[in-house]
Amino acid sequence: FLMPAGNSPSRARMIEKITTKMGVNAKFYVHEAVDYAVHQRAATAVFGASVKPFWKLDKAEIILSLDCDFIGTEEDSSRHMRDFARGRKLAKNEGRMSRLYVAEALMSQTGANADHRQRMNASAVTAATGYLAKALGITVKGKVSEPTNKEWLDKCLEDLQAHAGKGLVMAGYRQPQAVHELVNLINEKLGNLGHTVEIHASNTPPVHGNLHDLKDNLGNLERIINLGCNPAYDGAANLDWAKTAKGLTKFRLSHFSEDESSEKSGTVAPRAHYLESWSDARTSDGTLVPVQPLIAPLFDGLSELEVLSAFAYGIGPSGKQLAKEAHEIVQDTLKQESGDASWGHFLHEGFLAESAEGGQGELSGKSAGELPSVEAISKDNLEVVFTADHSVGDGTFANNGWCQELPDPITKITWDNVMSISRVTGEELKLSNGQVAKLTLNGLSVEGPIWIQPGMADNTVCLPLGYGKK
């Protein structure tokens, strides 16, 4: 099974039933173009339990963002914006407001709101994290490059130490997992755990890996059940998914048009939109919420839960399909979560009271993984940073005209994406706004218009995802 990321407890129940029923014959893989799960994986690796960090920016007096655009492209940004705004209101904080330090390569919304912002290449952020960890006495594996902005980092660390238990260090999804692991240890060392960052149990069901892991295991599989992914478009280019897995997808939930992953063989069923389907989910703090259809189904599409239910319950002795409707599955999940909860009250309120996850007890952080080596960045060896697009995400909303009309909050560009570089890089490479340039990375090339973006780190190229669809 290949499926998008999700935290539905009903989906987790169906996965558990299928695993119990089919054993090693069923494996589950999750694919997303943007890897938000790195936060959970890093916390799990450090604390030795299936956990994830829960940031509380409204409780933080000093915030350090390491390439983390929590106001813009990070997951759960709406909650982060609200909490950050609360910490900036003088009237509600006894005349104090939080102070924000940002170290980043791209010009982001978070950087635009910073009190102290430092431009640095994304790889330099990795080195800066190692430097901060070492300064706190944390063991850092791998070779840590000497940062060029030590004075800025020292002042930031001094501020964090002066506000022990009231600071918060955050890393963004664009940074490698080892950086996130170090950030968890830094927060622990500074006494921030349980105050500005809580460690919550992760509700994500266990899976067997991502798209790369699935590709490595293709020789052991008979068929792929694709529940809504488009790996030929947003899978890594070096996977060449359309060729590698050709003919293996026997069933696919798809949107109402052919896309890059469409094949002539196998069964294709229309995927029901979430606004016409029953399901459930958990918010970032673990609160259980219903996903209730707002309209009647338009094209008799199937939801992810309904397909999983068919495999979970199978066919009875009489040949009758035993699969349950999604509506019934969600009701069963509510009964398991809270036996005395009223279904009508659950729908009326929109959430299950007291279902939020509390912070875990005392957790002791282990060592972090090895930091990746950093190459020297120059105009002859540029750094490329891929990021989610503000309008179309990872390409999911590329066919939505309303999203295309939404201007990028930094560049103000609509209906297109660009290759953003700094003014200095543009001058060194003799590139100007609107000029079409060709970028080659690992033998693969892409062409696009140049955009000179103030605030960008030198010798870094920003490539937003979401375009290039066929």
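What you see is a predicted model; the values in this text were computed from it and never measured.
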Q) Is the backbone N or O of T425 less than 3.5 Å from a side-chain atom of S422, with the two atoms forming a donor-acceptor pair by type? A) yes
Q) Are H31 and W241 an aromatic pair by the rule of ring centers under 6.0 Å? A) no
Q: Could you tell me which non-hydrogen atom of I329 sits nearest to which non-hydrogen atom of L305, and how far apart they are?
A: CD1-O, 4.0 Å
**Q.** I452 versus I450, closest heavy-atom pair with distance
**A.** CD1-CG2, 4.0 Å
Q. Do E151 and K155 sit within salt-bridge range, that is, some charged N less than 4.0 Å from a carboxylate O?
A. no
Q: State, yes or no, whether a side-chain contact exists between V169 and L66 at a heavy-atom distance under 4.5 Å.
A: yes
Q: Please answer whether the main-chain N or O of I71 pairs with a side-chain N or O of T110 as donor and acceptor at a distance below 3.5 Å.
A: yes
Q. Is the F28 ring parallel, tilted or perpendicular to the F1 ring (thresholds 30°, 60°)?
A. parallel
Q | Check: H163 and T196 side chains under 4.5 Å, non-hydrogen atoms | A | no
Q. Does E61 use its side chain to pair, donor to acceptor, with the backbone of K166 at less than 3.5 Å?
A. no
Q: Identify the heavy atoms of D416 and P449 that sit nearest to each other, and give their distance.
A: OD2-CG, 4.3 Å
Q: Specify the closest pair of heavy atoms between S98 and F84, including all atoms of both residues, with the distance to one decimal.
A: OG-CE1, 4.1 Å
Q. Do NZ/NE/NH1/NH2 and the carboxylate oxygens of D285 and R79 come within less than 4.0 Å?
A. no
Q: Could you tell me whether K215 atom NZ has more than 12 heavy atoms of other residues or ligands within 6.0 Å of it?
A: no
Q. Does any non-hydrogen side-chain atom of D234 lie less than 4.5 Å from one of T396?
A. no
**Q.** Expected output: side-chain T129 to main-chain V125 donor-acceptor under 3.5 Å
**A.** yes
Q.
Could you go through H116 and C156, starting from their C-alpha distance and side-chain angles, then the distance that decides it, and tell me whether this counts as side-chain contact (heavy atoms from CB on, under 4.5 Å)?
A. CA-CA 9 Å; H116 306 280; C156 177; over 6 Å; no
Q: Would you tell me whether N459 and S378 have side-chain atoms, one donor and one acceptor, within less than 3.5 Å of each other?
A: no
Q.
To the nearest 0.5 Å, what is the distance between CG on D216 and CG on N210?
A. 9.0 Å
Q | Pairwise distance CD(E188) to CG(L136) - rounded to 0.5 angstrom | A | 11.5 Å
Q.
Please check this pair: side chain of R11 against backbone of L308, looking for a donor-acceptor N/O pair closer than 3.5 Å.
A. no
Q | Side chain proximity check, L153 to L157, heavy atoms < 4.5 angstrom | A | no
Q: State, with a plain yes or no, whether a side-chain heavy atom of S391 is found less than 4.5 Å away from one of Q404.
A: no
**Q.** CG (N442) with more than 12 external heavy atoms under 6.0 Å
**A.** no
Q) Heavy atoms, side chains only, cut-off 4.5 Å: are N187 and N184 in contact? A) no
Q: Grab the two heavy atoms, one from A122 and one from E383, that are nearest each other, plus how far apart they are.
A: N-OE1, 2.8 Å
Q.
For Y131, run the side-chain hydrogen bond (donor to acceptor under 3.5 Å, both in side chains) check against N149, D154, T126 and tell me which one passes.
A. D154
Q) Roughly how far, to the nearest 0.5 Å, is NZ of K430 from CD of Q435? A) 11.5 Å
**Q.** Parallel, tilted or perpendicular: ring planes of W152 versus Y101, cut at 30 and 60 degrees
**A.** perpendicular
Q. Charged N to carboxylate O below 4.0 Å: is that the case for R119 and D458?
A. yes
Q.
One pair to check against side-chain contact (heavy atoms from CB on, under 4.5 Å): K141 and L371. What are the steps and the verdict?
A. CA-CA 6 Å; K141 299 177 183 177; L371 286 177; over 6 Å; no
Q) Does R174 pair with D67 as a salt bridge, N-O distance under 4.0 Å? A) yes
Q. Atom CG of N417 and atom NE2 of H390: how far apart are they, to the nearest 0.5 Å?
A. 12.0 Å
(Q) Using only atom types and a distance under 3.5 Å, with no angle test, would you say the side chain of N7 pairs donor to acceptor with the backbone of R282? (A) yes
Q) Is there a side-chain contact between T387 and C462 (heavy atoms, below 4.5 Å)? A) yes
Q: For the pair Q175 (side chain) and H180 (backbone), establish whether a donor and an acceptor sit closer than 3.5 Å, ignoring hydrogens and angles.
A: no
Q. Y274 and S303: side-chain donor and acceptor closer than 3.5 Å?
A. no
Q) Would you find more than 12 non-hydrogen atoms of other residues, nucleotides or ligands less than 6.0 Å from R423 atom CZ? A) no
Q. So W415 and E405, side-chain contact (heavy atoms from CB on, under 4.5 Å) or not? Walk me through it.
A. CA-CA 6 Å; W415 285 93; E405 287 285 353; 3.2 Å; yes
Q. Do other residues, nucleotides or ligands put more than 12 heavy atoms under 6.0 Å from the CZ atom of F397?
A. no
Q) Do you know the tightest heavy-atom contact between L352 and A341? A) CD1-CB, 3.9 Å
**Q.** H39: which of W55, F54, F70 passes ring pair (Phe, Tyr, Trp, His ring centres under 6.0 Å)
**A.** W55
(Q) Would you say Q40 and T44 are linked by a side-chain donor-acceptor pair, where the criterion is simply a distance under 3.5 Å? (A) yes
Q) Should we count CD of E349 as having more than 12 external heavy atoms under 6.0 Å? A) yes
(Q) Looking at Y29, is its backbone amide N or carbonyl O close enough to the side chain of D213 to form a donor-acceptor pair, meaning the two atoms are under 3.5 Å apart? (A) no
**Q.** Sidechain N-carboxylate O distance under 4.0 Å for E198, K59
**A.** no
Q) Any side-chain heavy atom of D115 within less than 4.5 Å of one from R88? A) yes
Q.
Assess the residue pair L211 and L239 against the criterion (side-chain contact (heavy atoms from CB on, under 4.5 Å)); give the C-alpha distance rounded to whole Å, side-chain angles, the decisive distance to 0.1 Å, and a yes or no.
A. CA-CA 9 Å; L211 193 64; L239 287 180; 3.6 Å; yes
**Q.** Heavy-atom donor-acceptor pair, E32 side chain to A5 backbone, under 3.5 Å
**A.** yes
Q: Determine the interplanar angle of the W278 and W343 rings, folded into 0 to 90°, and report it as parallel if under 30°, tilted if 30 to 60°, perpendicular if over 60°.
A: tilted
Q | Donor-acceptor contact present, side-chain N121 to main-chain S123, <3.5 Å | A | no
